[in-house]
Engineer: 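Quick one: structure below, then a few questions.
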There are 2 protein chains.
Amino acid sequence: MSLADAFLSPRQVADVIGVSESSIKRWCDEGLLETIRTAGGHRKIPTGELLHFAREQGYQIAGVEAALRRPASSHLPQPYGVMADQLAEALLLGQSLTARQLIFDLFWAKHSVSVLCDNVIAAAFRVIGERWSCRQADEYQERRGCEIILRILLELYPYLQPVLADRLAIGATITGDNYKLPSAMAELTLRAARYQTQNLGTSLPIRSLVRAVQDLHPQIFWLSVSHLVEYETFIEEFAMLAAACAESGTVLIVGGRALTAELRSKLVYSAYCDTMQQLNALATSLIRSPDSTSRSESLTRKQSFNPTKKRGPF
Amino acid sequence: MSLADAFLSPRQVADVIGVSESSIKRWCDEGLLETIRTAGGHRKIPTGELLHFAREQGYQIAGVEAALRRPASSHLPQPYGVMADQLAEALLLGQSLTARQLIFDLFWAKHSVSVLCDNVIAAAFRVIGERWSCRQADEYQERRGCEIILRILLELYPYLQPVLADRLAIGATITGDNYKLPSAMAELTLRAARYQTQNLGTSLPIRSLVRAVQDLHPQIFWLSVSHLVEYETFIEEFAMLAAACAESGTVLIVGGRALTAELRSKLVYSAYCDTMQQLNALATSLIRSPDSTSRSESLTRKQSFNPTKKRGPF
DNA sequence: ACAAAAGCTCGTTTTGACCGTTTAGTCTAG
DNA sequence: CTAGACTAAACGGTCAAAACGAGCTTTTGT
C-alpha cells in the first residue's frame, strides 16, 4: 500500500501478467506501455499504467482481480438496452456484486467510460425511475442502487490512464441539488480523459464555488444541475461563477436535467453537455488544442454539443 | 505541510521517486542530483532540485506531500490530536494522497476503524469546523475534504475481515440530512464488526426506511441524524420506524448531533451511540449474544452507551 | 511455409541489500 | 541550560541480483 509501489520493474510486470520480461521490454520500447527511465536507464512502469495496459490488451491480472471478474459471465456482446435492464434489476435488488460484475465486464471489453455512463448506467436509472413512478420500486431501492454505482465507479479509477500534468478539473452541484451520480459520472469521464479531478461534493453555494475557481484555477469546471430550488438567485449567482471562470481561464461546462433550454438562454457558459460522451469529446478536444482555453475565447464562443434530443444522464 | 521541508534526506527522495536509497546516494555522488552536505557529512537534497530532477527523468511525483510527511523523525505513535491536526491540514489543502497515507498508516498500525473514526477523522473535521467558523476555511474546502475521506474509507473495505453469514446491517440519514460522513463511518464500523452492510444513502424519507426494514429484515438499522428540519413530523414518523424494527427483530441504533437529550426522550430506540467506539462495542456484543436481538427484547430494553460527554462524530 | 511476435542467451551495466561505523536529534539528569 | 545517553537514520563500501541491449531461436497464426 505504501507509495513505494508507485513504480514497477519489467520483471514485476512480467510476473503479474504472465509473460516474459523480454516482451515487456519490447512493449515498453514500442510505446504500448508508457515507461520512464531511471538515471541509469532502467525502465520503470507506473502501476496505473500497468492496470490500464492490462485492460487495453485484455490481460488478466493475477490475484485479486482474477477473482473479481471471472470470465464466467456471458461474453456475448449484448445490446446496451439489455445490459441496462439487467443492471437496473440488480440495483433494485441491492445485488452489488452482480452490478459490479456487469460494469466491469463492459469496462474490460474496452467500452469507454463515457459510453458506459450514458448507455448503461444512466439508462438503468431511467428504468429505475420508471419503475418508481409506477410504484413498482421504492425510494430506498433507487437510493441504494445509487450508492452501489457510486462505489463501483470509484473502483474504476485505478485502471485509467495516468493524468496529464497541469490538467485540473473541479466540479460540484449547487445548493439544494443532492444528486451525486451525475457529478460522479462527470468526474469519472474527465478523469478518463486524463484530467486530474477534484469533486467538491453536492449542494454547495455558488459563492464557495467561485472561491474554489479563484484558488485552484482549474482548466475545467463542471457544474451538474439536476435539481433547482431558487430559480432567480441561481441565474444571478451563476453569472458570478461565469465571471470567475472567465477571469481564471477556466472552461465552464454545465449539464443536468434542470437546465431547460429556456433557463440556459439566460446563462453564460463555455459548453452545455447532455451526455458524458459529449463531455468526453469536449474534454479531449481541449487537450488537443489547449489554446482554446485562452482567457479571451473561453467564454465568448459557446460550443454546441447537443446533437440529440435523448435525455441525458446529467 | 511543515516549513522545514526545504531539504530532504536520501531516504525521502527514494520514497518519492520509487528507487532505493543506495541509488539516490550514488546519483548524488555522480552529480546527477545537486546536494548539500551537513557538517557531519549527511546529504541534503533541496526540494527544488528533486522537482527538477524528477521532471528531467520523467518521474511523476504525485506523492511529494505524502512522502514529506514521513520525516516525523520518530516512529513513536503520535498522539491522536496531532494526527487529527495533520489530517485536517491535508484535507483543507485537498491533498488526498497525504490524507490517505495518514489514514492507512494508522490502519496498518492496527488501530481499529472505530478508534480511527472517532479520534482522528471526526477530530479532524472538528478542527476544520473551527477553522470554518473563524472564516479561515471555505465551505468548498470542508466539502472536498469530506469527499476525500469518503473515498479513503471505501478503500479500507477490502482489508476488513470477511462478513459473518446472516448478519445484515442497513442504515441511512433522514430527509434533509445530507451529512454522508457520519453514516459512512457507521457503515464502516459495522462492516469492521463483520456485518454485511447496505448504505441506503442520505436524505431518505422515513416511510421508505420502514419499507426497507420490512423487506430486508436486518439485524441492525443505523440512523444518523446530523441535521433535522421537521422536528414534529420526525418524532411522529420515527415511531413508525421503531415499530417496524420491533416487528422484524431489528436493533435500531441512532446517533448524530441533532439528537439532543430532550429529543431523545421522545423517541424509542434500541441504543444511542455518541461515538463509533460505542457502536463497535454494541455491534460486537450483539454478535456474541445473538439472543438479545430476539423480538421481544430488542426494543424494550434501552441500552446506555453514552459514558462520556465528549461530542461524538455522528 | 513464412512473417511476425514471443522468448532466450550472454556479456555488460545498474541497482539494491547488507553491514559496521558515524551523525542527528531527543530525552533525561545534573 | 548543558552534558551525557540513547535511538533512529545516514554514511561509505562491497557484492550479488537484476536490468540492459543486441542478436538468435522458438512459437504462433494465416
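Since the structure is predicted, the reported quantities are computational estimates derived from the model, not experimental observations. Convention: sequence-line order gives letters A, B, ...; per-chain numbering from 1.
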Engineer: Which part of the nucleic acid does B:K44 contact within heavy-atom distance under 4.0 Å: base, sugar-phosphate only, or nothing?
Structural biologist: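 Nothing: the residue B:K44, judged by heavy atoms under 4.0 Å, touches no strand.
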Engineer: Let's see if you get this right: which residues in residues 21-33 of chain A place a heavy atom under 4.0 Å from DNA chain C?
Structural biologist: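 Listed by number, they are A:S22, A:S23, A:R26, A:W27.
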Engineer: Ignoring the backbone of B:R43, work out which of C:dG16, D:dC20, D:dG12 is nearest its side chain.
Structural biologist: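 Per side-chain heavy atoms of B:R43, the pick is D:dG12.
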Engineer: Which listed nucleotide (C:dA24, C:dA17, D:dA19) is nearest to the side chain of B:S20?
Structural biologist: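 Among C:dA24, C:dA17, D:dA19, the one nearest the side chain of B:S20 is C:dA17.
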Engineer: Do B:E139 and B:R143 sit within salt-bridge range, that is, some charged N less than 4.0 Å from a carboxylate O?
Structural biologist: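 Result for this pair is yes, salt bridge flagged.
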Engineer: Report the distance from atom CG of A:L8 to atom C1' of C:dT15, rounded to the nearest whole Å.
Structural biologist: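 Result: 16 Å.
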Engineer: To the nearest Å, how far apart are A:R11 CZ and C:dG16 C1'?
Structural biologist: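 Going from A:R11 (CZ) to C:dG16 (C1'), I get 17 Å.
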Engineer: Does B:D15 come within less than 4.0 Å of B:R11, counting only side-chain N to carboxylate O?
Structural biologist: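 Judged by the 4.0 Å cut-off on N to carboxylate O distance, B:D15 and B:R11 do form a salt bridge.
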Engineer: Within a radius of less than 6.0 Å around CZ of B:R37, do more than 12 heavy atoms belonging to other residues, nucleotides or ligands occur?
Structural biologist: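 Check passes, neighbour count above 12.
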Engineer: Give the rounded distance in Å between these two atoms: CZ of A:F7 and P of C:dT14.
Structural biologist: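 Nearest whole value for this atom pair: 20 Å.
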Engineer: Do B:L181 and B:L153 have side chains that approach each other closer than 4.5 Å (heavy atoms only, starting at C-beta)?
Structural biologist: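 Heavy-atom side-chain distance check passes, below 4.5 Å.
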Engineer: Without decimals, in angstroms, what is the distance between A:R37 CZ and D:dA18 P?
Structural biologist: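 For the pair A:R37 CZ and D:dA18 P, the rounded distance is 19 Å.
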Engineer: Using the side-chain heavy atoms of B:T38, tell me which of these nucleotides is nearest: C:dA24, D:dG12, D:dA10.
Structural biologist: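 So the nucleotide nearest the side chain must be C:dA24.
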Engineer: Between B:R131 and B:E89, is the closest basic N to carboxylate O distance under 4.0 Å?
Structural biologist: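 The answer is yes: the pair qualifies as a salt bridge.
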Engineer: Salt-bridge test for B:R151 and A:E187: reply yes if a basic N is under 4.0 Å from a carboxylate O, no otherwise.
Structural biologist: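 Yes.
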